[in-house]
Amino acid sequence: MSSSEISLSEQISAHIRTAILAAIDAGQLPKEISKEVPESISLERPKNRDHGDYASSIALQLAKPSGKNPRDVASILQSNLAVIPEISKVDIAGPGFLNITLNRASQAELVSTILTLKKSYGHSTGLKGVRINLEFISANPTGPLHLGHTRWAAVGDALGRVLSAAGADVVREFYINDRGNQMDLFGASLEAAALGKPIPEDGYQGQYISDIAASLVAQDPQLMSMPEPQRVNEFRERGYAWQLGDQKRVLDNFGTHFDVWFSERSLHEGGSVDVAMVKLRKQGHVFEEEGATWLRTTDFGDDKDRVLTKANGDLTYFASDTAYYINKRGRGFDICIYMLGADHHGYVGRLKATAACAGDDPEYNIHVLIGQLVKIMEGGEEVKLSKRAGTIITLEELVEKVGVDAARYTLIRYPVDTPMILDVDVLKRNTNENPVYYVQYAHARIAGVLRNAQELKIPVGLENFDPSQLTHDRENELLGSLAEFPKIVAGAAEMREPHRVARYLEELAGVYHRFYSDCRVLPLGDEPISALHSSRANLCAATNQVIKNGLDLLGVSAPEKM
RNA sequence: GUCCCCGUAGCUCAGUGGAUAGAGCAACCGCCUCCUAAGCGGUAGGUCGCAGGUUCAACUCCCGCCGGGGACACCA
């Protein structure tokens, strides 16, 4: 790996570690602290610019074990670090922070790195070789995708992209609950609607049922004259196909794509349930009681044991879920990520216990994300949603109102474990209130500058880039932000929190706008073209690459013009 | 009753144990004879729900309260 592929902060971090070990060898620090020295020294970017480009609190951490004053420890490290070429100065501040200021030219080399790596700047290898099954949405094929599904459609897709960028081998999977009572109710509801009869008790209401029924009959009028039970079965199966096709179409328009559409039926027909049962029995956590077959999930912290097979011989949904998990692991996935709605939070304990019953590590092999509710505001008040009354907002309706970019971006920029309120009126506005425009505008603005640079025949490209030109504080700030990107992406992947990428982009856009107001990129009037113009244009190009890469991770477009 | 999530500026919310807790909006004051003003600068706004504990260091971790939301089936 060439040095340009290791970030400057990683190099500094490694230098600090070397400096500590050297100090121990030289007897400046006691030998006993060797085991206290972390594998990688964490650096942070100080909020306050007076505190340098990077800061480390390592001296504070090592002070106690080495029996020294933290400022003395810092002072020993300071002299060992000062000789490193990339570092221009090291200050000791406060109780013993090491504040490191980088040599500006070496920091500016980042522009070359970004413009060389292009799309892959921000990719990492933290999850290399890890096979991840990412399951999200998994709606019943009995109705349109609603607001809750939409949150997952955006966040799940972004998480998939982020995990891939971190090197993981990701398969996105949609589990189709196409088996059981709900499907029968769906079929019966369609049939009733077609015949003009009242929808059955607990059946599916809503205009969409009559719409589907009508188009099924229009496709094949003979449906109406079929004998029972064939007719209701046909309504169920054709309705299923219609609805699933509709969900696929809507998700496709939304930019969310799945690698696997996994049918619950296939789980049963393919024998996965039997395989799972055998495996669980072998692990010794299955027992019979009161005529039912149970899984002793309480062995692993669940609050009660769960039924696999009911007394009447039917399999429970829990049995399907369990078999599905074991099936995923059987397909070679190391980590199974589930993205579930808040109403499923009771599942977390049992899913983890299930994994443990199957002999897996519930802390590693399975990861459950619980998404909180999305409320929607329009015209200054909350839109009351009720499935029964048919006032649901679908993914498609939301996209019609605000567009794919605004919908995706807004849904992604909040952590999923907090309830969010989505204000339709704000999303229609092209102002700072709507952060997606703030970020996209930065991209469009830079694209405009670069177009002008080309027209003015300013030499761009790396052969015209001189890092020593970039000495302005704003340039330094911008370079610092650009350097953060790979860490942000890796952290977002590790924590399964794609919203961190969105927040970072807002920060980066802000830093760029400030740079833009203070640092003129293109020559003014008759000013001759200089190396500074070329170097700044390259800095702009690098910034745009990073914004583009970030927006790509969110599935949001990066417009050239606005 | 048990479990999960939340409580940070007037509002909507960020904040992986670090220094003076941040952003956008709303309020007020400024900045376009020249690169996109969908932008930038400034002022004002805080007992980080309350009380303990751990730590050199707590909005962050632990314990207990208070307040808000949600979940608890041989339902799907």
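Side chains are part of it too, since the values below use all heavy atoms of this structure and drop only hydrogens, waters and symmetry mates.
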note = Reading nucleotides 11-19 of chain B from 5' to 3' and marking B where a protein heavy atom lies under 4.0 Å of the base, S where only the sugar-phosphate is that close, and - otherwise, the string is --SSSB-BB

task = Summarise protein proximity over nucleotides 24-29 of chain B in one line of letters, 5' to 3': B for base, S for sugar-phosphate only, - for none, counting protein heavy atoms closer than 4.0 Å.
result = SS----

[Y] versus [X], side-chain donor and acceptor atoms under 3.5 Å:
{"X": "A:Gln182", "Y": "A:Tyr204", "value": "yes"}
{"X": "A:His149", "Y": "A:Gln247", "value": "no"}
{"X": "A:Tyr409", "Y": "A:Glu506", "value": "yes"}

inquiry  = Quick check on contacts: within residues 540-548 of chain A, what sits under 4.0 Å from RNA chain B by heavy-atom distance?
reply    = none

If you count the non-hydrogen atoms of other residues, nucleotides and ligands that lie under 6.0 Å from [atom1] in [X], is the total more than 12?
{"X": "A:Lys487", "atom1": "NZ", "result": "yes"}
{"X": "A:Glu36", "atom1": "CD", "result": "yes"}
{"X": "A:Lys428", "atom1": "NZ", "result": "yes"}

ask   = Is the closest basic N to carboxylate O distance between A:Glu237 and A:Arg265 below 4.0 Å?
value = yes

ask   = Below 4.0 angstrom, N of the basic side chain to O of the carboxylate: do A:Glu288 and A:Arg281 qualify?
value = yes

inquiry  = Less than 6.0 angstrom from the centroid, inside 45 degrees of the normal: does A:Arg445 satisfy that with respect to the ring of A:Tyr516?
reply    = yes

key: Cation-pi, A:Phe465 ring and A:Arg536 (6.0 angstrom, 45 degrees)   = no

request  = Could you work out which one of B:rC5, B:rC74, B:rC35 sits closest to the side chain of A:Val521?
outcome  = B:rC35

message = Nearest to the A:Met562 side chain among B:rA38, B:rC35, B:rC5, which nucleotide is it?
response = B:rA38

query = May A:Tyr317 be described as stacking on the base of B:rC75, applying a 5.5 Å centroid limit and a 30° limit on plane angle?
reply = no

message = Is there, by distance only and without an angle test, a donor paired with an acceptor across the side chain of A:His345 and the base of B:rC72 below 3.5 Å?
response = no

